[in-house]
Number of protein chains: 2
Amino acid sequence: MRILLVEDDEFIGESIKEYLEMQDNRVDYYSSPIKALEEVYPDHYDIFLLDINMPEMNGYELYKELKNYAKDVPVIFITAYSDIDHVEKAFDLGAADYIKKPFELKELELRIKRLVFKNTNEIKITQNYKFDLDKLKLFYKDEEVDLTQNEKYFLEMLVKNIGQVVELERLKDYVWDGKDICNNTIRTQVKKLRNKLHENFIKNIRGIGYKIEKFK
Amino acid sequence: MRILLVEDDEFIGESIKEYLEMQDNRVDYYSSPIKALEEVYPDHYDIFLLDINMPEMNGYELYKELKNYAKDVPVIFITAYSDIDHVEKAFDLGAADYIKKPFELKELELRIKRLVFKNTNEIKITQNYKFDLDKLKLFYKDEEVDLTQNEKYFLEMLVKNIGQVVELERLKDYVWDGKDICNNTIRTQVKKLRNKLHENFIKNIRGIGYKIEKFK
DNA sequence: GGATAAAATGAAAAAATTTTTATTTTTTAT
DNA sequence: ATAAAAAATAAAAATTTTTTCATTTTATCC
């Protein structure tokens with residue numbers, strides 16, 4: 001993960017940088033917001049970590065600038081202010097989160113992780129296949145696989161319960177919305193779906209239902 | 001907004017309740033998690049506010065129970081613990097946020113607002129119609145309207161640009177993915193879609209394209 | 001007001017998806 | 001090894017969705 005950190009207190013800045021790098025992140029640290037703005041490609045980052053109270057330019061202004069080039073990068077504001085107005089202002093600006101000094105580095109780490117990984121709801125099925133539970137799309141090596149409506153719902157159910165067997169009845173209930181379909185319809189559906197795949201990750205559990213094995 | 005608050009310290013609990021009710025929220029406050037579980041319909045709430053450290057049953061366990069009945073309701077854990085393990089545990093459980101005592105009520109209010117309004121991506125089209133941009137579903141008075149794939153994409157585009165005209169070319173490009181379709185196809189599509197609606201919120205802008213008026 | 005272009009409409013053809021039926025293969029228990 | 005049940009497969013029927021074509025209605029410009 002690539003992180004942009006701007007914090008004028010070099011002692012604090014360096015310790016945050018050091019800590020986050022220990023977690024295998026790539027951290028670009030600037031103690032000057034002006035310099036950061038000059039040197040940086042904002043859309044290369046997964047998250048911004050910005051101090052609010054800085055001499056040359058405050059964190060809000062900095063964020064407004066960065067946002068022009070990187071609309072979807074979440075930001076966490078860091079501040080020593082206890083003043084609540086800052087929280088409000090931060091959220092109005094679209095802050096993803098806000099953390100008050102002093103804080104534990106571990107907490108910062110967790111808040112970062114949560115933001116970056118919450119943003120996507122893609123579940124890895126195999127090395128090459130992933131499924132996006134929000135958009136109900138299947139990807140093979142980042143190429144979308146063209147699925148029909150029923151195939152999407154079918155996969156949604158299996159991926160939501162990844163690692164567990166989903167009973168035929170539940171599938172019927174969910175995918176076909178309780179509609180009275182002949183028992184083989186579901187098998188034909190599976191067949192069609194499998195035909196679209198390079199690897200068959202849909203396992204049948206005889207007499208019960210279907211499942212997808214947990215990856216890794 | 002309807003809020004479920006469970007906090008064993010009655011002084012804190014009552015002040016939170018009072019404060020949030022001042023902001024026109026409906027707050028159900030319980031000082032006992034057991035009692036809350038017995039009396040409450042979890043899926044009636046927009047958000048849970050749960051203390052972690054409570055005598056009979058801790059906040060995590062309570063949340064696990066509640067989650068069985070209300071999978072998508074976000075939770076903010078409240079705690080006096082400084083222990084960082086609690087933050088980690090909370091986020092693992094799917095906590096939406098976490099707030100440490102003592103906190104300012106205003107900050108809590110802001111964090112709640114941010115969660116509840118960020119969580120949903122439903123755009124109001126008219127009094128009765130709303131469109132969910134995540135799931136691409138249209139609702140009429142909370143009833144889902146059955147749409148075909150193309151109709152969903154068509155509406156997605158219009159809702160994303162609500163208040164602005166979307167040119168025919170752009171619609172063609174997005175909905176039909178650049179495919180070479182006869183110019184009337186899109187009009188027939190609109191016709192079919194309108195047939196499914198009780199009110200026609202799809203406005204044609206002669207010679208340019210279609211739009212949906214901004215609500216309110 | 002009439003001419004004209006755009007949009008709406010209705011009906012039907014074409015294409016794609018869903019479902020059933022019939023048959024073959026696989027798995028499991030005996 | 002064989003029988004029985006379940007699953008996979010193939011082909012065709014049924015249904016739904018998408019697209020085109022022909023016609024009518026509507027809006028706009030002169």
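Chain letters run A, B, ... following the sequence lines, proteins first and then strands; every chain starts at 1. Since we're looking at a predicted model, the values are computed, not measured.
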Note to self: For A:Tyr19 versus A:Lys106, what's the shortest heavy-atom pair and its separation?
What the structure shows: OH-CA, 3.5 Å
Check: What nucleic acid atoms does A:Asn204 come within less than 4.0 Å of, heavy atoms only: base, sugar-phosphate, or nothing?
Finding: sugar-phosphate
Checklist line | Between A:Tyr98 and A:Phe77, ring centroids under 6.0 Å | finding: no
Next item on the list: Determine: side-chain N/O of B:Lys191 to OP1/OP2 of C:dA8, distance under 4.0 Å, yes or no.
Entry: no
Note to self: Side-chain N or O of A:Tyr210 versus OP1/OP2 of D:dA6: is the shortest distance under 4.0 Å?
What the structure shows: no
Item checked: Out of D:dA8, C:dT19, D:dT19, whichever nucleotide has its closest atom nearest the side chain of B:Trp176 -> D:dT19
Check: Which residue, A:Leu147 or A:Arg206, contacts DNA chain C at a nucleotide closer to its 5' end, judged by nearest heavy atom?
Finding: A:Leu147
Notebook entry, point to check: Is B:Asn150 touching bases, backbone alone, or none of the nucleic acid, heavy atoms closer than 4.0 Å?
Noted result: sugar-phosphate
Notebook entry, point to check: Starting at CD1 of A:Ile202 and ending at P of D:dA8, how long is that distance when rounded to a whole Å?
Noted result: 10 Å
Next item on the list: Would you indicate what A:Cys182 reaches in the nucleic acid, counting non-hydrogen atoms under 4.0 angstrom: base, sugar-phosphate, or nothing?
Entry: base
Note to self: Need to verify one output field. Residue with the more 5' nearest nucleotide on DNA chain C, B:Gly209 or B:Asn195?
What the structure shows: B:Gly209
Check: Below 6.0 angstrom between ring centroids: does that apply to B:Tyr129 and B:Phe201?
Finding: yes
Next item on the list: Give B:Thr185 one of three labels, base, sugar-phosphate or nothing, depending on what nucleic acid heavy atoms sit under 4.0 Å from its own.
Entry: base
Checklist line | Between D:dT18 (P) and A:Asp146 (CG): distance, integer Å | finding: 12 Å
Notebook entry, point to check: Whole Å only: how far is the CG atom of B:Asn200 from the P atom of C:dT9?
Noted result: 8 Å
Checklist line | Gap between atoms CD1 and P, on B:Ile186 and C:dA8 respectively (whole Å) | finding: 11 Å
Notebook entry, point to check: Looking across every strand, which nucleic acid part, if any, lies under 4.0 Å from A:Lys203 by heavy atom: base, sugar-phosphate, or nothing?
Noted result: nothing
Check: Checking B:Lys17 against B:Tyr29: charged group under 6.0 Å from the ring centre and within 45 degrees of the axis?
Finding: no
Next item on the list: Report yes or no: is the cationic atom of B:Lys130 (NZ for Lys, CZ for Arg) closer than 6.0 Å to the six-membered ring centre of B:Phe139, at no more than 45° off its axis?
Entry: yes
Margin query: Could you tell me the Watson-Crick or G-U partner of C:dT30, where both distances fall under 3.5 Å? Say none if there is no partner.
Written below: D:dA1
Note to self: What I want to check is whether an N or O donor and acceptor connect the side chain of B:Arg187 with the base of C:dA6 at under 3.5 Å.
What the structure shows: no
Next item on the list: Please state whether the phosphate of D:dT19, meaning OP1 or OP2, lies under 4.0 angstrom from any side-chain nitrogen or oxygen of B:Lys179.
Entry: yes
Item checked: B:Gln149, nearest nucleotide to its side chain (from D:dT19, D:dT18, C:dA8) -> D:dT18
Margin query: Distance check needed: C:dT17 P versus A:Phe154 CZ, whole Å only.
Written below: 17 Å
Note to self: Distance check needed: C:dT9 C1' versus B:Leu193 CG, whole Å only.
What the structure shows: 15 Å
Margin query: Could you report the tightest heavy-atom contact between B:Asn25 and B:Leu20, atom names first, then the distance?
Written below: ND2-O, 2.9 Å
Notebook entry, point to check: Do B:Asp180 and D:dT19 have a side chain to base donor-acceptor pair shorter than 3.5 Å?
Noted result: no
Checklist line | Closest-nucleotide 5' rank along DNA chain D - winner of A:Asn184 and B:Ile181 | finding: A:Asn184
Next item on the list: Would you mind reading off the distance between B:Lys192 atom NZ and D:dT20 atom P, rounded to a whole angstrom?
Entry: 13 Å
Next item on the list: Map A:Thr188 and B:Thr188 onto DNA chain D by nearest heavy atom, then report which one ends up closer to the 5' terminus.
Entry: A:Thr188
Notebook entry, point to check: Checking all strands, does B:Ile205 fall into the base, sugar-phosphate, or nothing category for heavy-atom contacts under 4.0 angstrom?
Noted result: sugar-phosphate
Item checked: Whole-Å distance separating the CD1 atom of A:Ile208 from the P atom of D:dA5 -> 18 Å
